[in-house]
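Presented below is the structure to which this report refers.
Counting convention: from 1, in listed order, for ligands and their atoms alike.
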Amino acid sequence: MQISQALSLLPAMGCGTWAWGNQLLWGYNESMDDQLQAVFNLCVSNGVTLFDTGDSYGTGRLNGRSELLLGRFAREYQGINKEHICIATKLAAYPWRWTRQSMVLAGKASAQRLGRNVDLVQMHWSTANYAPWQEERLLDGLADLYEQGLVKGVGLSNYGPKRLQHVHQKFAERGVPITTLQVQYSLLSTYPVTELGLKEVCDRLGIKLIAYSPLALGLLTGKYSERGPFPQGIRGLLFRQLLPKIRPLSACLQEIAQSRNKTMSQVAINWCICKGTIPIPGAKSVEQAQENIGALGWQLDSSEITALDQAAASTDKKMVQNIFQTQ
Ligand SMILES: NC(=O)c1ccc[n+]([C@@H]2O[C@H](COP(=O)([O-])OP(=O)(O)OC[C@H]3O[C@@H](n4cnc5c(N)ncnc54)[C@H](OP(=O)(O)O)[C@@H]3O)[C@@H](O)[C@H]2O)c1
C-alpha cells in the first residue's frame, strides 16, 4: 500500500490515550494495564483502529508510558483489523529540542518505545507565539521523518489557520503532505471551527481534522453533577466552575440522547462526526470504550444538530483553550 493511501483510510473515530500513563492528572497506575489492553482489543475489533498518543504522555517514572503500552497492546492483539491499526504520536516542542535532528531522534525514540514504526507523526504544538526561532527547524525535522520513510504521514496539533497555511506551503515545497490537524473540538469547544474557520481551511487543503477532548474531559458524558463528586485536581476545579453554566447544553444533550435511546457521550461524539471531524475520545475502561463505540453507525439529523449548535453557542462558559493553540 502507498504511504498516502494508508492514512486516507483513517476510521471515523479513534481513541485517545492521554490518560494512559498520566498518574497525577488522570490517576493512571500500572494495575490498569490489563483493563487498558481490553479497551484496545475492543476498539480494534470494532474497527476503531486509530490511536493517538504523545511522547509527553507519562512523566517522571512513567516517562513514555502511553507509547510503551500502545506498542505492547498492538503486538499482543490477535483479532480482526490488526493490519489497520494506526498509531499516531505527537512530538513535543520541548525547549531543549531545537535542532532539526532532535525531531528525527525524537521520532526514532517514539518508534523504539512503540516497538514499531510510527504511522502518523504530529507536531504537538507550535512555538510560534513564544519562541518563533525554534519552530522552523522542528518542522524541518518532522518533514525529514517523512522523507526518510520513518513515518507514513505527518500531522499538526493546536495550529490555527494562519500557521497551518504557512506550514502547508513550507511542506508543499518539499512534497510533504499534511494528513491531519488535531485541535480541541467539542460542543464546549467550538472555537477552532466557528471562530478560527479551521474546518474550511482543512477541507481546502485536503487535511483531516481530528477532534481531541470531544467529551470535554468527561463533562459531556452526563455522569458528573453540580453536587459532585468531582474528579481530583484541576479537572475537578474546572468541572465545579463549568457544570452550573452548561445546564442548557446538558439538558439538550440529554433530551436528544433519550429520544434516540443513546447516551449523552454517544450524542456528543456523534455530533463531532457529523461535523466532519474524527473524534478521539479517551476511554479508561471497557465500559467507556463500549459506550463510545456506540457513537458509530448512526447519524444525528439536521434538526438535532441545529439544536445542539444553538445550545453550544448560547453557553457562555466554554472549555479553556489550549494555551498553545495558535491563530
Ligand atoms: N493535541 C493535544 O494537545 C491534546 C490535548 C488533549 C487531549 N488530546 C488527545 O485527545 C484524547 C482525548 O481527550 P481527553 O482524554 O483529554 O478528553 P475526552 O476524550 O473529552 O474525555 C476523556 C475522559 O472522559 C471520561 N469518559 C470517556 N468516555 C466516557 C464514557 N463513555 N462515559 C463516562 N465517562 C467517559 C473518562 O474520564 P473519567 O472516567 O475520569 O471521568 C476519560 O478519561 C487524549 O487521550 C489525547 O490523545 C490531545
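- Judged as a salt bridge (charged side-chain N to carboxylate O under 4.0 Å, His left out), the pairs with a partner in residues 268-285 (not counting sequence neighbours) are, in order, K275-D309.
- A distance below 6.0 Å separates the ring centres of Y185 and W271.
- With sequence neighbours left out, the salt bridge (charged side-chain N to carboxylate O under 4.0 Å, His left out) criterion links E147 to R174.
- Remark: the backbone N or O of D119 is not paired with any side-chain donor or acceptor of N117 at under 3.5 angstrom.
- Scanning for side chain to side chain donor-acceptor pair (under 3.5 Å) contacts around Y191 gives Q327, with sequence neighbours left out.
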Using ring pair (Phe, Tyr, Trp, His ring centres under 6.0 Å), reason through Y28 and W26 one step at a time and then give a plain yes or no. CA-CA 6 Å; Y28 162 82; W26 291 94; over 10 Å; no
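- Protein residues with a heavy atom closer than 4.0 Å to ligand 1 are G16, T17, W18, W26, D52, Y57, K90, H124, S157, N158, Q182, Y212, S213, P214, L215, A216, L217, G218, T221, K223, Y224, R235, S265, I280, P281, G282, K284, Q288, E291, N292, N322, listed by chain and number.
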